[in-house]
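Only one structure is covered here, and it is reproduced in the block below.
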Amino acid sequence: MTKETRLIVRTHSGEGTVDVGRKLGALLHGGDVIALSGELGSGKTWFTKGMALGLGVSPHMVVTSPSFALMNEYEGEIPLFHMDVYRLDKVSDFLDTGLEEYLHGEGAVAMEWSDRWPQILPDWCVQVHLTVLDETSREIALSGQHKRAVAILEQMKQELER
Ligand SMILES: Nc1ncnc2c1ncn2[C@@H]1O[C@H](COP(=O)(O)OP(=O)(O)OP(=O)(O)O)[C@@H](O)[C@H]1O
Ligand SMILES: [Mg+2]
């Protein structure tokens, strides 16, 4: 583990948040895990929609919160597994669903409400926390400590500065 690397970016529209997600998605490899957190309506699903676009998922695919299905899979250059654990009450429910195996699978993972059980998250995940500043503005904090997460964040910093 190295010291935490952290990037903060502000967006001023839903599309702005999609764009940040798209830049992150384009950097991902199989096995990468993006742990999303932030209050209701903060933009976790919009950010994930951007990740899907960045991974080459067709823009015609509608990315919605998989609250009922628990997980949606999108076919990009690598699969994107989009999970939302909001409706699960206990960590044992998460383990019972079998979703954990996707955290160690071949695709990239985006998990909404991932702060609920930090113990299930792999060390190498990138944390993305969204804060509502006002009706159309969000602060997006991206952070990680593991070598892989730091590598992603360093590339992301360059992308954001472009
Ligand atoms: N800067 C912004 N970034 C993201 N979303 C924004 C922004 N400004 C306005 N919005 C709006 O906020 C909403 C974000 O919804 P989204 O479904 O992504 O949130 P969520 O965090 O996934 O919510 P939930 O907790 O219900 O899953 C959208 O309606 C979007 O248009
Ligand atoms: Mg959502």
Side-chain angles (χ1 to χ4, degrees), residues 6-28 32-76 78-91 93-100 102-103 105 107-122 125-144 149 152-153 155-162:
R6 199 177 175 79
L7 286 177
I8 310 261
V9 46
R10 282 187 181 192
T11 60
H12 301 284
S13 66
E15 288 71 24
T17 294
V18 170
D19 201 48
V20 178
R22 189 177 53 72
K23 288 182 167 135
L24 180 62
L27 302 174
L28 300 181
D32 288 334
V33 176
I34 306 304
L36 294 151
S37 57
E39 66 185 272
L40 280 168
S42 55
K44 301 179 294 296
T45 300
W46 281 58
F47 188 92
T48 305
K49 180 181 171 178
M51 285 176 55
L53 293 171
L55 280 164
V57 172
S58 161
H60 303 295
M61 288 296 297
V62 181
V63 175
T64 54
S65 233
S67 297
F68 295 99
L70 295 176
M71 189 184 82
N72 290 335
E73 180 176 348
Y74 297 97
E75 275 311 317
I78 52 168
L80 173 64
F81 300 113
H82 178 197
M83 305 175 184
D84 186 333
V85 299
Y86 185 68
R87 274 162 213 283
L88 294 175
D89 291 328
K90 316 188 281 301
V91 71
D93 292 344
F94 176 81
L95 298 172
D96 289 346
T97 59
L99 288 178
E100 197 190 14
Y102 291 94
L103 296 175
V109 173
M111 189 194 291
E112 295 193 38
W113 296 98
S114 63
D115 50 334
R116 187 161 282 186
W117 309 298
Q119 70 272 32
I120 62 170
L121 295 171
C125 71
V126 173
Q127 305 275 355
V128 175
H129 184 75
L130 294 106
T131 305
V132 176
L133 300 177
D134 62 37
E135 217 174 296
T136 57
S137 304
R138 305 289 187 265
E139 181 182 274
I140 307 176
L142 303 108
S143 61
I152 294 171
L153 292 167
Q155 284 180 286
M156 188 63 186
K157 185 165 183 277
Q158 288 176 13
E159 284 303 314
L160 291 168
E161 283 167 359
R162 251 173 222 274

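Note that ligands are numbered from 1 as they come in the structure, with each ligand's atoms numbered from 1 the same way.
- Note that OG of Ser114 is 5.5 Å distant from CD of Gln127, once rounded to the nearest 0.5 Å.
- By the 4.5 Å heavy-atom criterion applied to side chains, Leu27 and Lys23 are not counted as neighbours.
- Checked against a 3.5 angstrom limit, the closest N/O atoms of Ser137 and ligand 1 fall outside it.
- The proximity of Ser65 to ligand 1, defined as any non-hydrogen pair under 4.0 Å, is limited to the side chain.
- Atom numbering of ligand 1 starts at 1 in the shown order; those under 4.0 Å from a heavy atom of Trp113 are 25 (O).
- Using a distance-only test at 3.5 Å, with no hydrogens or angles considered, a donor-acceptor pair links the side chain of Arg116 to the main chain of Leu88.
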Please tabulate, for the side chains in residues 35-45, all donor-acceptor contacts under 3.5 angstrom to protein atoms that are two or more places apart in sequence or on a different chain.
residue, atom, partner, partner atom, Å
Ser37, OG, His129, ND1, 2.7
Ser42, OG, Glu39, O, 2.7
Lys44, NZ, Gly38, O, 2.8
Lys44, NZ, Glu39, O, 3.1
Thr45, OG1, Ser65, OG, 3.0
Thr45, OG1, Glu112, OE1, 3.1
Thr45, OG1, Glu112, OE2, 2.6

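- Close approach of ligand 1 to Glu135 is summarised as follows: ligand atoms under 4.0 Å from at least one heavy atom of the residue are 8 (N), 9 (C).
- Residue contacts to the Mg ion (ligand 2): Tyr86 brings no N, O or S atom closer than 2.8 Å.
- Residue Thr48 does not count as close to the Mg ion (ligand 2), with no N, O or S atom under 2.8 Å.
- For Arg6, the salt bridge (charged side-chain N to carboxylate O under 4.0 Å, His left out) partners are Glu4, not counting sequence neighbours.
- Atom-to-atom distance recorded for Ile34:CD1 and Met51:CE is 5.0 Å, nearest 0.5 angstrom.
- For atom 11 (C) of ligand 1, the nearest non-hydrogen atom from the set Arg138, His12, Glu139 comes from Arg138.
- For Gly38, the closest heavy-atom approach to ligand 1 does not fall below 4.0 Å.
- At least one N, O or S atom of Glu112 sits under 2.8 Å from the Mg ion (ligand 2).
- The structure places NZ of Lys157 at 7.5 Å from CG of Leu7, a figure rounded to the nearest 0.5 Å.
- Each of the atoms 21 (O) of ligand 1 lies under 4.0 Å from some heavy atom of Glu39.
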